[in-house]
Amino acid sequence: MESRFFYTVIDDKEGRIVFDKVLLFCKRFQSSLLVYYPLSDKFLIYFVNDIVQINIHKVDVSEEFRDIIKSKLKRSKIFHKKHIVKFFTSKQLPDIIPSFNFMSCPIKRDKVPKTIGVSFLGSIVTRLMRSASFPLFISGVNKNDWNKIVVFYGGKRNSREAFQFATTLSENGNIPVHTITLNKNEKDFLIYQNYLKKSDTFTAHLKNSLDECEELIKDSLIIIGSDNRTIFSQIFKGKSQLTKILKKFDEDLFVVGKNYKGYF
């Protein structure tokens with residue numbers, strides 16, 4: 001079954017970088033692309049147990065950016081199509097049915113923790129991850145390619161699913177995976193360390209603090225499970241050491257929610 005990445009077109013400097021990152025992801029990890037040109041400054045995503053409204057800070061898309069998107073998609077040879085909205089709650093409120101495997105966060109991310117601080121982004125991401133069966137991609141603003149995947153592994157259910165997600169990406173994209181476990185979760189680290197030793201693709205790291213992870217995180221694609229409440233909640237409240245690392249390196253991040261159903 002073909003995987004699909006849902007991308008909302010945002011025509012500003014940051015939004016153009018996000019498009020390049022999404023395009024890179026699709027090429028590297030063999031995914032097709034659904035391109036959504038906003039019809040209004042908000043849309044609804046319908047889940048089984050929730051409806052989440054996403055507000056968009058910029059709706060208009062210039063002809064220049066439309067041409068850039070068409071040109072890059074043509075050169076990439078990625079299978080893609082324009083997402084056509086079929087249902088509307090109201091004229092200005094399109095409905096999005098989540099029949100895709102990944103989604104880029106369409107909410108503007110400025111410097112951490114200004115936007116993520118007590119921000120709208122944090123609450124929306126939290127609501128999405130309570131219901132979404134897909135990982136949510138939150139882009140940094142740098143243009144560096146990823147040379148590795150870094151998974152924060154604490155042993156909880158979503159940490160394991162985040163690791164599963166990273167495993168599949170590694171197999172599809174031929175990219176090494178590094179797992180980070182803090183000392184307080186040493187038991188979980190020892191349980192899966194022997195498994196990792198069987199593969200040259202994975203490297204496990206046991207760290208005393210997140211500050212020790214700076215070099216490892218640099219130029220990586222970060223994956224984290226959202227039920228790791230201590231880390232996840234602090235990221236989006238701007239309090240954790242990881243937030244400081246994100247501010248310094250501004251790495252790309254996938255958040256895997258509790259309803260994650262797998263890569264395909």
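None of the values given here were measured: they were computed from a predicted structure.
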Exercise. Taking the six-membered ring for Trp, are Phe134 and Phe47 parallel (under 30°), tilted (30 to 60°) or perpendicular (over 60°)?
Worked result: tilted
For this session: Would you confirm whether the ring centroid of Phe254 sits within less than 6.0 angstrom of the ring centroid of Phe137?
Result: yes
Exercise. Mind checking whether Phe100 and Phe5 have ring centres under 6.0 Å apart?
Worked result: no
Could you measure the distance from the [atom1] atom of [X] to the [atom2] atom of [Y]? Nearest 0.5 Å is fine.
{"X": "Cys105", "Y": "Ile54", "atom1": "SG", "atom2": "CD1", "result": "7.0 Å"}
{"X": "Gln92", "Y": "Lys42", "atom1": "CD", "atom2": "NZ", "result": "7.5 Å"}
{"X": "Lys72", "Y": "Leu24", "atom1": "NZ", "atom2": "CG", "result": "11.0 Å"}

Within-4.5 Å side-chain heavy-atom neighbours: [X] and [Y]:
{"X": "Val255", "Y": "Ile138", "answer": "yes"}
{"X": "Val18", "Y": "Ile10", "answer": "no"}
{"X": "Ser40", "Y": "Pro94", "answer": "yes"}
{"X": "Leu33", "Y": "Phe79", "answer": "no"}
{"X": "Val151", "Y": "Ile149", "answer": "yes"}
{"X": "Leu44", "Y": "Phe87", "answer": "no"}
{"X": "Tyr37", "Y": "Val85", "answer": "no"}
{"X": "Val35", "Y": "His83", "answer": "no"}

Exercise. Side chains of Asp12 and His57: donor-acceptor distance under 3.5 Å anywhere?
Worked result: yes
Problem set entry | Modelled atom types, side-chain donor and acceptor of Ser104 and Tyr36, under 3.5 Å | no
Exercise. Are Ile97 and Phe6 grouped together when hydrophobic residues (ILVMFWY) are joined by side-chain heavy atoms under 4.5 angstrom apart?
Worked result: no
N-O pairing of [X] and [Y] below 4.0 Å:
{"X": "Lys148", "Y": "Asp219", "result": "no"}
{"X": "Arg66", "Y": "Asp11", "result": "no"}
{"X": "Glu14", "Y": "Lys21", "result": "no"}

Exercise. Would one find more than 12 heavy atoms of other residues, nucleotides or ligands at under 6.0 Å from atom NZ of Lys81?
Worked result: no
Exercise. Hey, mind stepping through Glu63 and Lys70 against salt bridge (Lys or Arg N to Asp or Glu O under 4.0 Å) and telling me if it holds?
Worked result: CA-CA 10 Å; Glu63 287 301 319; Lys70 291 177 183 178; 5.8 Å; no
Exercise. His178: what forms a ring pair (Phe, Tyr, Trp, His ring centres under 6.0 Å) with it, not counting sequence neighbours?
Worked result: His205
Problem set entry | Steps toward ring pair (Phe, Tyr, Trp, His ring centres under 6.0 Å) verdict (Phe102, Tyr7) | CA-CA 9 Å; Phe102 318 99; Tyr7 164 70; over 10 Å; no
